[in-house]
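Read the structure below first, then the notes.
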Number of protein chains: 2
Amino acid sequence: MSHTLGIRQAQKQKTRQALLDAALGLLEEQSLSSLGLREVTRAVGVAPTAFYRHFRSTADLGVELVEEALGSLHPMIGSTVSATGDSDERITRAVDLIARHVDAYPAHVRFIARERHGGVQPVREAIRRQLARFAEEVKVALAGRPESAGWSDEDLLMLAGLYVDQMLMTASQFLEAMEGPAEERERVARTAARRLRLVGIGRHHWQD
Amino acid sequence: MSHTLGIRQAQKQKTRQALLDAALGLLEEQSLSSLGLREVTRAVGVAPTAFYRHFRSTADLGVELVEEALGSLHPMIGSTVSATGDSDERITRAVDLIARHVDAYPAHVRFIARERHGGVQPVREAIRRQLARFAEEVKVALAGRPESAGWSDEDLLMLAGLYVDQMLMTASQFLEAMEGPAEERERVARTAARRLRLVGIGRHHWQD
DNA sequence: AATTCCGGAGAACAGTTGTTAACTGCATGG
DNA sequence: CCATGCAGTTAACAACTGTTCTCCGGAATT
């Protein structure tokens, strides 16, 4: 099925990816609404007009970055939810997975945290849609577990959303603590684990 | 004590406030890192150079906006925490207080949500400092309650931070649902209340 | 082998930006 | 009443922005 695409489209996708990467890099110290088209092409070493061959505007580029960033986050969610073992083990494992993800894709995490409430509406909506998809998946995963017996669909979605939001907040806190002392990252990990434990306890006694 | 300041300084503070207000308005559809100095002065109807009489840069203006926005939020936190009555009553009352605050100061809420992870470092830090202060206050308030017996200081701070974050998330969700159907706002209120209830249950059984 | 297609380059456009300097008019303190 | 201080103005600066049009060279198609 994979028709090895010609040297033509290969080059196109290459510069396209270069534009996306350059933009992600520039967004480390500004937000999307101030990212200029020329700024991106200059960083890649390509003419400003070449930008239009790939994206209609920087907002358009932002929407595509959402797919890329949340695409990398998607598999992590799966392994977090489907973790096995004792409750406390699963929590520390989940927090550790988040920390590793932040280390591996800091720019992706920063982009999502920044633009989730950022100044560009289409990007905000794209993030909201994807996160809603994530919450839905987590909800289904939670519904399959025995301890979810008697939970209404709405309550399960509430819990799933809480987990997704908490994951993002934790990731953002890890990011802030990245170029700080190691003890700061440890502190973030500890309070994140405690928050998850509190939620887990609340979940366990929900039915009363 | 309040020495009615001369007509000179009165005018200065008046245009200064006009600049802050205009900036807050312009930030409805962009983020601080793309806010231009000329853009703000144009909205007020004043020469671009007049801006320098009040702020060193737009980042500087942003830091002052943090004080203003979180200053308006501060009393709300107090009344939320010190609410009386049955547990469920207090939750619905707290959510209602948040909803009213978003209705009264939508631009303030938007600004904080947007710039908390935004592209301007000094502003991010100012917000982080203020929110840490809030969490500290909530922690002290929580420590005074009888059900907090046996809680460590670190656990209380964890819980306080969770409440503060949850409040901001709820406020942001109310904001997104503002110009939507009333049923959407109702849905936000319901799931926010359920989240708080879950946390409350977890708090109640924390000691086991 | 000839022709079409298309990613990218180049130049030019009107409009914007932050920042400087030297100014004006008026409230203020002596 | 007069001199100082200072919020706000005007003019000019080089640098930057998004967008259009025209062109080129090489891959793709026939």
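Within every chain, numbering begins at 1; the chains are lettered A, B, ... in the order of the sequence lines, protein sequences first and strands thereafter. A quick note: this is a predicted structure, and the numbers were derived from the prediction, not measured.
If B/Arg56 and A/Gln11 are placed on DNA chain C by their nearest nucleotide, the residue sitting closer to the 5' end is A/Gln11.
The pair A/Lys139-A/Glu136 counts as a salt bridge, with a side-chain nitrogen and a carboxylate oxygen less than 4.0 angstrom apart. Between B/Arg124 and A/Glu176, no side-chain nitrogen of the basic residue sits less than 4.0 Å from a carboxylate oxygen of the acidic one, so the salt-bridge criterion is not met. A salt bridge is absent between A/Asp155 and B/Arg197; no separation between the charged side-chain nitrogens and carboxylate oxygens falls under 4.0 Å.
The distance between atom CG of A/Leu35 and atom C1' of D/dG18, rounded to the nearest whole Å, is 13 Å. When the P atom of D/dC23 is taken as reference, atom CZ of A/Arg53 falls 15 Å away, rounded to whole Å. When the C1' atom of D/dG18 is taken as reference, atom CG of A/Asp60 falls 15 Å away, rounded to whole Å. Atom NZ in B/Lys12 sits roughly 11 Å away from atom C1' in D/dG8 (whole-Å rounding). Atom OH in B/Tyr52 sits roughly 15 Å away from atom P in D/dT9 (whole-Å rounding). Note: NE2 (B/His54) to C1' (D/dT9) measures 13 Å, nearest angstrom.
For the pairing with B/Gln17, the side chain to side chain donor-acceptor pair (under 3.5 Å) check across B/His54, B/Glu68, B/Lys12 returns one residue only, B/Glu68.
Note: B/His108 and B/Tyr105 have parallel aromatic rings, judged against thresholds of 30 and 60 degrees for the angle between ring planes. Note on ring orientation: taking the six-membered ring where Trp is involved, the planes of A/Trp151 and A/Trp206 are parallel (angle under 30°, cut-offs 30° and 60°).
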Please list, pair by pair, any protein nitrogen or oxygen found under 3.5 Å from a nitrogen or oxygen in nucleotides 13-17 of chain D.
from   : atom 1 : to      : atom 2 : distance (Å)
D/dT17 : OP1    : A/Arg42 : NH2    : 3.2
D/dT17 : OP2    : A/Arg42 : NH2    : 2.7

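Looking at B/Gln130 and B/Glu67, their side chains do bring a donor and an acceptor atom within 3.5 Å of each other.
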Letter per nucleotide, 5' to 3', of nucleotides 24-30 of chain C [B base touched, S only sugar-phosphate touched, - untouched; heavy atoms, 4.0 Å]: -B-BS--
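Nucleic acid contact class of B/Thr15 (heavy atoms, under 4.0 Å, all strands): sugar-phosphate only.
No more than 12 heavy atoms of other residues, nucleotides or ligands sit less than 6.0 Å from atom CZ of B/Arg56. Atom CD of B/Gln13 has 12 or fewer heavy atoms from other residues, nucleotides or ligands within 6.0 Å.
Side-chain proximity of B/Thr49 to C/dG8, D/dA11, D/dG8: nearest is D/dA11.
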